[in-house]
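Labels below follow one simple rule: chain letters A, B, ... track the order of the sequence lines, proteins then strands, and each chain is numbered from 1. In this text, all values refer to a predicted model and were calculated from it rather than measured experimentally.
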Protein chains: 2
Amino acid sequence: MSCESEIAQAVRDRGRRLTMQRVRILSALRHASEHQSAEQILDRVRGGDPLADISLSTVYRTLETATALGLASELRGATGTAVYEWSEPGTTHHHVECLACGRTESVALASLALAEAEIRERSGFEADIRHLAIPGLCADCRARGGR
Amino acid sequence: MSCESEIAQAVRDRGRRLTMQRVRILSALRHASEHQSAEQILDRVRGGDPLADISLSTVYRTLETATALGLASELRGATGTAVYEWSEPGTTHHHVECLACGRTESVALASLALAEAEIRERSGFEADIRHLAIPGLCADCRARGGR
DNA sequence: GTCGCACCTGCGAAGATTCGCAACAGCACT
DNA sequence: AGTGCTGTTGCGAATCTTCGCAGGTGCGAC
């Protein structure tokens, strides 16, 4: 399938080595329908081919690398477990997470581009606001829970 | 000293119980000159009065509670260790963290208020963007490291 | 001042993530 | 195809954070 060669391409283009582990891990992430924890990804990878084992450390390291390369994004919610999702290069979206029920939702936020400009101007930082996790209260919990 | 009674006040006003541990932990956080990890706070608390011991769990739980109450803010950077800082109720500022050198800096960002409005409009979430950790590259690393 | 109910704390264990190190394996160059 | 340098991997250990439970304690009601 071509997605794997695309992944291979993307990894190599960014000056990283292409390894079987990376392809399998990123491929699993890409085909997942929702956010995956490191453990879940490991399960998927093992399911595909139980022979060649991949260590959990490698999953974490690959996800870290992929995040740095812009191929994945990491979300550390209040759950104590980080989850990851495939991130089509160049795309942007953000996540709001309900502090009451834990539900998360994706939103496209144009105004954050302004924040990047504001940051550059004030601190000289080149901010990378492509996949932010924003805490809040969802409409349901707000209506129900009060406050 | 009055800061402790202010802390007491703040905790009680929010419907939480006032305990010796909370006062000591929050007081230590408040008087710290910079971000503190849970372990550092524990050290400070123990330094003050080695007799009454406080457990690390309690430090974590108190910081979590205080964050929920808006008295503290939590920053989980790339370092693998969460740090906390006292947060004067009602105030807002954000942190940019350099992905290359790890340095963090505070910035006030007006544009994030717009993002809150945008989120409410698009998803019904009531976002709470008061202390966000924003990844990026600082001016130095950008100049030096290239790109 | 006493009583009782939750909320809190301590402790130990479990879970999640990072680190250090030696062995392995891409990839550029011959 | 062979070689070497260096980025990667696996493994186990260390570290950080969360959890569950039994006992303690703040605080409102008497």
- [ ] Starting from P on dG10(D), measure out to CZ on Arg61(A) and report it in whole angstrom.
- [x] 8 Å

Open item on the list: So, taking the atom named CZ in Arg24(B) and the one named CZ in Arg46(B), what distance separates them when rounded to the nearest 0.5 Å?
Closed with: 10.0 Å

Task: Single-linkage hydrophobic cluster Tyr60(A)~Val11(A), side-chain heavy atoms < 4.5 angstrom - done: yes

Open item on the list: I want to verify a distance call: between dC11(C), dT17(C), dT17(D), whose nearest atom is closest to the Thr81(B) side chain?
Closed with: dT17(D)

TODO: Please state how far atom CG in Leu56(B) lies from atom P in dT17(D), giving the value in whole angstrom units.
DONE: 8 Å

TODO: Rounded to the nearest angstrom, tell me the gap between atom CD in Glu64(B) and atom P in dC16(D).
DONE: 18 Å

Open item on the list: How many whole angstroms separate atom CZ of Arg24(A) from atom P of dT9(D)?
Closed with: 12 Å

Open item on the list: Is the phosphate of dG10(D) approached by Thr58(A) (side-chain N or O, under 4.0 Å from OP1 or OP2)?
Closed with: yes

- [ ] Name the closest nucleotide to the Thr62(B) side chain, picking from dT17(D), dT9(C), dG10(C).
- [x] dT9(C)

Task: Lys/Arg N to Asp/Glu carboxylate O, Glu116(A) vs Arg120(A), below 4.0 Å - done: no

- [ ] Sequence neighbours left out, what passes side-chain hydrogen bond (donor to acceptor under 3.5 Å, both in side chains) with Thr104(B)? Give chain and number order.
- [x] none

Task: Value in whole Å for how far the P atom of dG24(D) lies from CG of Asp53(B) - done: 17 Å

For nucleotides 27-30 of chain C, give me every protein contact, N/O to N/O, under 3.5 Å, one pair per line with atom names.
unit_1: dC27(C); atom_1: OP1; unit_2: Arg12(A); atom_2: NH1; d: 3.3
unit_1: dC27(C); atom_1: OP1; unit_2: Leu18(A); atom_2: N; d: 3.0
unit_1: dC27(C); atom_1: OP2; unit_2: Arg12(A); atom_2: NH1; d: 2.9

Open item on the list: Check this one for me: any side-chain N or O of Tyr60(A) less than 4.0 Å away from OP1 or OP2 of dT18(C)?
Closed with: no

TODO: May I have the distance from Arg76(B) (atom CZ) to dC16(D) (atom C1'), rounded to whole angstrom?
DONE: 9 Å

Open item on the list: Measuring from atom CD1 of Ile119(A) to atom NE2 of His94(B), what distance do you get when rounded to the nearest 0.5 angstrom?
Closed with: 8.5 Å

- [ ] State whether Gln21(A) places a side-chain N or O below 4.0 Å from either non-bridging phosphate oxygen (OP1 or OP2) of dA25(C).
- [x] no

Task: Sequence-distant partners of His131(B), ring-ring contact (aromatic ring centres under 6.0 Å, His included), two or more places apart - done: His93(B)

- [ ] Assess the side chains of Thr62(A) and Thr65(A): does a donor N or O sit below 3.5 Å from an acceptor N or O?
- [x] no

Open item on the list: With a 3.5 Å cut-off and heavy atoms only, can you find an N or O donor on one side and an acceptor on the other between the side chain of Ser57(B) and the base of dC19(D)?
Closed with: yes

